Each structure stands twice: as structure tokens, then as C-alpha cells.
**Q** 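I have a structure I would like to understand better, so I am pasting it below and will then ask my questions one at a time.
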Amino acid sequence: MQLAAGVRERVAAVHVGGGLPERLRLYDGWAARYDQDVAALEYRAPELAAASLAFAFPAPPAGARLLDVACGTGLVARELHRRGFRCLHGVDGSAGMLERARSTGLYRRLLPCVVGREPLPAPAGGFLCLTTRSNPSNLRYKVELEAVLERLERQGAWQKELTPCTMRCRRPPCPNQEQLCQGDTQPEKLSKHHTSLSSCNSCFKSLIFRQLCS
């Protein structure tokens, strides 16, 4: 897949080097082109997250309250809205991204929040949906994340409700490039079994946990 000029550079810039203020500045500057760039990369995590939540909540979800953490430009909100979710709130550390998310008109409330530095504006309890990549450059983070999730589950902080759901690649990886996956995201195809993706250079996995109140 041939990427437009600058896409790879913009993606790399926000993932390497620099402290938090610099990364937020880069995201602010990227906001206007973000949707276009990730579409070129066939970024499917928002679709997977929304489909996983729809699978976990088969009843009409219009009254369910969702907090979109690191909401970016609102890609997840668009997918959730398509599936009937209406009570959407979002937080992000980038003012530029929040401005784009606000322009969608899909959120009831949007607030600035740097995840890990500031408390989330949400009550304790409820469900948590996570997506992560399993391409080579993300493997270390994926392993560390899953170890933390497993530890918290053993400690009784939350309980896994939906075991890993993945998106299946429909073609082999492109040479010299980390390729994001395309896949089936109909609820019946997001089974409660981990799917082997050995032919895939990069794929997304989704997990849903229910937070246990103390």
C-alpha cells in the first residue's frame, strides 16, 4: 500500500522521543489530518472496540453511558453511534484533538485530561474496553499491558467479561511496512475465542473487563 507523503513521518513523530508537552503539541498539529492519515493506514481499532462493546451489550444500548478515554478526533464515537450508543463522553490531553471531536457533535461532554497524570472524570465501577496492537513494534508494550491486566484481575480489581477478540487480516503483510488489519467485525464473528493470526504482521485485539466495586 502506497502511503501519501508525510503520513509515515507524522505517525512516527508522535511515537518516538520527546516528553509529554512535545507529544501533545504534535497531536495538536496532527489533528486536522489525523482521520485522513489513519484511514490511509487502515486503522481498525475504533471499529473493533465498538463492535466488541455491541457484542457485550446485545440489548439496545442507547442509555449506556460511555467514557471515550483518549478520544482523539472522535473515531470511536462514530463507530459507537452507528451501533446505537448515544450517551458518549470523551477526554483527551490534546486540545487540537478535542476540538475535532467536538465538531462531530456526537459527545455530550468533552474534557481535557492527560491519562495517567489526572483522574478520569468518571465514577468507579462499570465496564472497561481496551484495544491493543500485536505488530512487532508494539509487542513489548502489549506484553507489559497484559501482565498488568492479569495482575489486576488476580487482585480482584476487575473481572474479564469478554476474552480476546481479534480482527482477521485478509491479505499477507506488505513488505517494508507495518500493515494494520482489516477484518470481520460483525458481533457473531467476534467469538469468545482467541483467533490465531499467524499470517498477520499487525492486528488488533480487544478485551472487556467489568470493574469490581470494593
Side-chain angles (χ1 to χ4, degrees), residues 7 9-38 41 43-50 52-53 64-81 85 87-133 135 137-153 155 157-158 180 204-211 213-214:
V7 174
E9 290 76 12
R10 286 189 289 273
V11 173
V14 299
H15 287 96
V16 296
L20 178 62
E22 174 64 9
R23 289 194 178 192
L24 292 179
R25 185 189 67 79
L26 290 169
Y27 272 108
D28 286 344
W30 192 19
R33 298 185 59 91
Y34 182 82
D35 291 4
Q36 177 183 337
D37 286 356
V38 297
L41 291 168
Y43 180 57
R44 305 299 295 276
E47 186 179 357
L48 176 59
S52 297
L53 284 166
R65 293 183 299 167
L66 283 85
L67 178 64
D68 185 1
V69 178
C71 64
T73 61
L75 293 177
V76 172
R78 293 185 183 97
E79 294 295 334
L80 288 169
H81 199 266
F85 293 91
C87 189
L88 307 177
H89 304 258
V91 296
D92 200 281
S94 163
M97 291 288 183
L98 283 174
E99 182 179 352
R100 303 292 293 189
R102 190 169 289 110
S103 72
T104 67
L106 299 177
Y107 293 95
R108 296 193 178 184
R109 191 182 187 196
L110 285 163
L111 294 171
C113 179
V114 178
V115 179
R117 299 287 185 93
E118 301 165 1
L120 292 174
F127 291 85
L128 173 70
C129 178
L130 299 171
T131 60
T132 188
R133 293 178 290 117
N135 52 295
S137 68
N138 198 55
L139 284 181
R140 179 178 176 181
Y141 170 77
K142 176 177 174 289
V143 169
E144 293 174 353
L145 172 64
E146 291 180 345
V148 171
L149 297 176
E150 290 172 3
R151 184 175 73 248
L152 289 171
E153 190 171 11
Q155 293 172 351
W158 54 32
L180 304 188
F204 286 97
K205 180 169 72 173
S206 176
L207 293 160
I208 291 184
F209 294 87
R210 177 169 60 88
Q211 188 172 0
C213 297
S214 56

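Quantities reported herein were computed from a predicted structural model and do not represent experimental measurements. Just so you know, residue 1 is the first one in the sequence shown, and it goes up from there.
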**Q** Indicate the atoms forming the closest heavy-atom contact of Tyr107 with Gly90, along with that distance.
**A** CD2-N, 3.7 Å
**Q** Looking at CD of Glu150 and CD of Glu146, how far apart are the two atoms once the value is rounded to the nearest 0.5 Å?
**A** 6.5 Å
**Q** Output yes when a side-chain donor or acceptor of Asp37 lies under 3.5 Å from a complementary backbone atom of Val7, and no otherwise.
**A** no
**Q** Please find the pair of heavy atoms, one from Gly96 and one from Asp28, that lie closest to each other, and give the distance.
**A** N-OD1, 2.9 Å
**Q** Side chains of Asp68 and Leu80: closer than 4.5 Å at any heavy-atom pair?
**A**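 A side-chain contact under 4.5 Å is absent here.
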**Q** Looking at Glu99 and Arg102, is any side-chain nitrogen of the basic one under 4.0 Å from a carboxylate oxygen of the acidic one?
**A** no
**Q** Run the side-chain contact (heavy atoms from CB on, under 4.5 Å) test against Val148 and tell me which residues pass, sequence neighbours left out.
**A** Arg151, Leu152
**Q** Calculate, to the nearest 0.5 Å, the distance between atoms CE and SG belonging to Met97 and Cys71 respectively.
**A**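 Here the interatomic distance stands at 9.5 Å.
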**Q** So does Gly72 get a backbone contact from the side chain of Asp92, meaning a donor-acceptor N/O pair under 3.5 Å?
**A**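 Side chain of Asp92 to backbone of Gly72, a donor-acceptor pair under 3.5 Å: yes, one is there.
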**Q** Looking at side-chain heavy atoms only, is the closest gap between Leu20 and Arg117 below 4.5 Å?
**A** yes
**Q** Once salt bridge (charged side-chain N to carboxylate O under 4.0 Å, His left out) is applied, what residue pairs with a partner in residues 70-79 remain, sequence neighbours excluded?
**A**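 Qualifying pairs: Asp35-Arg78, Glu79-Arg82, Glu79-Arg83.
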**Q** If every non-hydrogen atom of Gly74 is compared with every non-hydrogen atom of Ala101, which pair is closest and at what distance?
**A** N-CB, 4.1 Å
**Q** May I ask you to test the Arg23-Val14 pair for a side-chain heavy-atom distance under 4.5 Å?
**A** no
**Q** Which heavy atom in Ala31 sits nearest to a heavy atom in Thr73, and how many Å separate them?
**A**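 Closest approach of Ala31 to Thr73: O-CG2, 4.0 Å.
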**Q** For Gly93 versus Val114, what's the shortest heavy-atom pair and its separation?
**A** CA-CG2, 4.2 Å
**Q** May I ask you to decide if the ring planes of Trp30 and Tyr34 are parallel, tilted or perpendicular, using 30° and 60° as cut-offs?
**A** perpendicular
**Q** With sequence neighbours left out, what residues match Arg109 under salt bridge (Lys or Arg N to Asp or Glu O under 4.0 Å)?
**A**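 Residues passing salt bridge (Lys or Arg N to Asp or Glu O under 4.0 Å) with Arg109: none at all.
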**Q** Hey, could you give me the CG/CG distance between Leu128 and Leu149, rounded to the nearest 0.5 Å?
**A**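 Interatomic distance, Leu128 CG to Leu149 CG, rounded to 0.5 Å: 8.0 Å.
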**Q** Compare every heavy atom of Arg100 with every heavy atom of Ala32, then report the nearest pair and how far apart it is.
**A** O-NH2, 3.8 Å
